[in-house]
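I have placed the structure first, in the form of structure tokens, so that the comments after it can refer back to it.
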Protein chains: 2
Amino acid sequence: MAQAAQKTVSDIASKARLRLWLRLLQSTRKIETELRDRLRRQFSVTLPRFDVLAALYRKSDGMLMSELSRYLMVSNGNVTGIIDRLVIDGLVVRTQRKGDRRTSIVRLTIKGVTEFQRMAEAHEGWVSELLSEFSPKDAEGLSAMLDGIQFGGKSR
Amino acid sequence: MAQAAQKTVSDIASKARLRLWLRLLQSTRKIETELRDRLRRQFSVTLPRFDVLAALYRKSDGMLMSELSRYLMVSNGNVTGIIDRLVIDGLVVRTQRKGDRRTSIVRLTIKGVTEFQRMAEAHEGWVSELLSEFSPKDAEGLSAMLDGIQFGGKSR
DNA sequence: TATGAATATTTTATGTTTGAAGTAAATGCA
DNA sequence: TGCATTTACTTCAAACATAAAATATTCATA
């Protein structure tokens with residue numbers, strides 16, 4: 001009897017969290033789709049490419065492939081392919097690093113910096129527009145709530 | 001002068017929203033990665049397949065391809081491929097619909113229902129675990145805040 | 001009833017994306 | 001030093017994903 005009651009309480013909790021998860025997913029996809037669409041139309045760039053450029057812009061000293069993979073939370077094989085294509089387009093370079101011949105540092109080229117800056121300004125405006133219902137205060141509050149979802153990065 | 005001040009205020013707002021967006025993306029990816037991993041390990045199923053099964057389970061009368069595409073917010077061509085593979089695996093069937101020969105209704109098979117139910121229970125538990133820092137009340141509150149991100153579905 | 005527009009889906013080309021296997025280099029340590 | 005392990009990255013096969021073009025069917029309406 002007590003157990004049946006307990007079960008119901010935790011059921012309610014898990015249903016509420018499931019609804020939250022579905023809403024999170026839906027909201028994120030909606031915004032992602034819109035940003036992808038605008039980036040393609042206005043700058044002929046894909047979202048994954050933009051994400052990589054943004055990460056590299058943030059770290060002007062360059063990043064290792066593995067750093068990019070961890071930061072963007074995508075597989076390492078995936079990063080290889082995206083960087084390969086960005087190199088072909090001349091937006092990114094790989095430079096050898098003496099001391100460890102396994103690794104190479106990936107960096108934006110001048111062209112990469114220039115093109116990213118053009119996109120970034122528009123991108124920030126779009127995000128602000130798409131999230132315009134959130135006041136700065138609400139936005140900060142929501143960010144803080146979401147901060148908790150970190151549950152120590154699995155080692156794999 | 002007034003304009004410079006105005007600019008600064010809106011800058012602060014857009015930065016706060018940008019931070020929110022990055023946090024949303026990060027949180028969602030983190031949970032998605034974890035769910036994908038567990039679904040693969042425990043049930044040998046991919047996340048996109050699980051999503052399709054979940055949508056079809058919700059609508060036991062079946063769904064049109066275009067309904068699935070809209071509901072899951074993925075392209076129609078994408079749905080075709082996923083359904084093709086689910087049909088091969090015997091989890092889903094396409095049935096002709098008299099009256100409109102362009103469309104076919106997609107439905108779970110008995111096997112599809114059975115297998116999905118196994119997964120869904122585990123999935124709900126995982127989500128609840130991964131979002132355990134949110135009380136049911138917080139979860140509902142957060143869901144409600146995110147509800148606003150709907151900005152009327154573009155017509156395209 | 002023709003026939004042009006709209007609708008529903010599939011096909012195609014390209015580009016991610018993953019997970020696993022493979023390669024090469026660096027590290028730990030007996 | 002020798003050699004197993006770890007680390008960093010690439011390659012590979014399969015699946016996923018998009019956008020655009022193609023196909024097939026239905027609808028609207030003149």
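A, B, ... follow the sequence lines: proteins, then strands. Residue 1 opens every chain.
Listed for the A:Arg107 side chain is a donor-acceptor partner under 3.5 Å among the backbone atoms of A:Asp61. Proximity of a side-chain donor or acceptor of B:Ser128 to a complementary backbone N or O of B:Glu124 within less than 3.5 Å is not detected. In terms of modelled atom types and a separation under 3.5 Å, the side chain of B:Thr109 and the main chain of B:Gly90 share a donor-acceptor contact. The main-chain N or O of A:Trp126 is never found under 3.5 Å from a side-chain atom of A:Arg38 such that the two would form a donor-acceptor pair.
Nucleic acid contact for B:Ser104: sugar-phosphate only, since backbone atoms but no base atoms lie under 4.0 Å from a heavy atom of the residue. Counting any heavy atom pair closer than 4.0 Å across all strands shown, A:Arg70 reaches no nucleic acid atom. Across all strands, B:Thr46 comes closer than 4.0 Å only to sugar-phosphate atoms, never to a base (heavy-atom distances). Backbone-only engagement by A:Thr103 is indicated by non-hydrogen atom pairs under 4.0 Å involving sugar-phosphate atoms exclusively. Heavy atoms of A:Arg49 sit under 4.0 angstrom from primed sugar atoms or phosphate atoms, though from no base atom. Looking at heavy-atom distances under 4.0 Å, B:Arg94 makes contact with sugar-phosphate atoms alone, never a base.
At the phosphate of D:dA19, OP1 or OP2 sits under 4.0 Å from a side-chain N or O atom of A:Arg40. For B:Arg101, no side-chain nitrogen or oxygen approaches OP1 or OP2 of D:dT23 to under 4.0 Å. For the pair B:Arg41 and C:dA20, the criterion of a side-chain N or O lying under 4.0 Å from OP1 or OP2 is not met. Checking the phosphate oxygens (OP1, OP2) of C:dT9, no side-chain nitrogen or oxygen of B:Asn76 falls inside 4.0 Å. Distances shown here put a side-chain N or O of B:Ser66 below 4.0 Å from the OP1 or OP2 atom of C:dT9.
In terms of position on DNA chain C, the residue among B:Leu64 and A:Gly77 whose nearest nucleotide sits closer to the 5' end is B:Leu64. Toward the 5′ end of DNA chain D lies the nearest nucleotide of A:Val79, the other residue of the pair A:Val79 and B:Ile82 mapping further downstream. Looking at which nucleotide of DNA chain C each of A:Arg85 and A:Asp100 is closest to, the 5′-most match is held by A:Arg85. Both A:Asp84 and A:Arg36 lie close to DNA chain D; mapped to their nearest nucleotides by heavy-atom distance, the more 5′-ward contact belongs to A:Asp84.
Here D:dC9 presents its P atom at 8 Å from CZ of A:Arg97, a figure rounded to the nearest Å. Separating the CG atom of A:Leu39 from the C1' atom of D:dA19 is a distance of 15 Å, rounded to the nearest angstrom. A straight line from CG of A:Asn78 to P of D:dC12 spans 17 Å, rounded to a whole angstrom. The distance from atom CG of A:Leu72 to atom C1' of C:dT17 is 13 Å, rounded to the nearest whole Å. The distance from atom CD of B:Glu34 to atom C1' of C:dG19 is 15 Å, rounded to the nearest whole Å. Between A:Ile83 atom CD1 and C:dT16 atom P the separation is 11 Å, expressed in whole Å. Rounded to whole angstrom, the span from the CE atom of A:Met65 across to the P atom of C:dT23 amounts to 19 Å. Note: CG (A:Leu47) to C1' (D:dT18) measures 12 Å, nearest angstrom.
One N or O donor and one acceptor, one from the side chain of B:Arg102 and one from the base of C:dT7, sit under 3.5 Å apart.
Under the side-chain contact (heavy atoms from CB on, under 4.5 Å) criterion, A:Ser75 pairs with A:Asn78, not counting sequence neighbours.
Between B:Asp51 and B:Leu47 the shortest side-chain heavy-atom distance falls below 4.5 Å.
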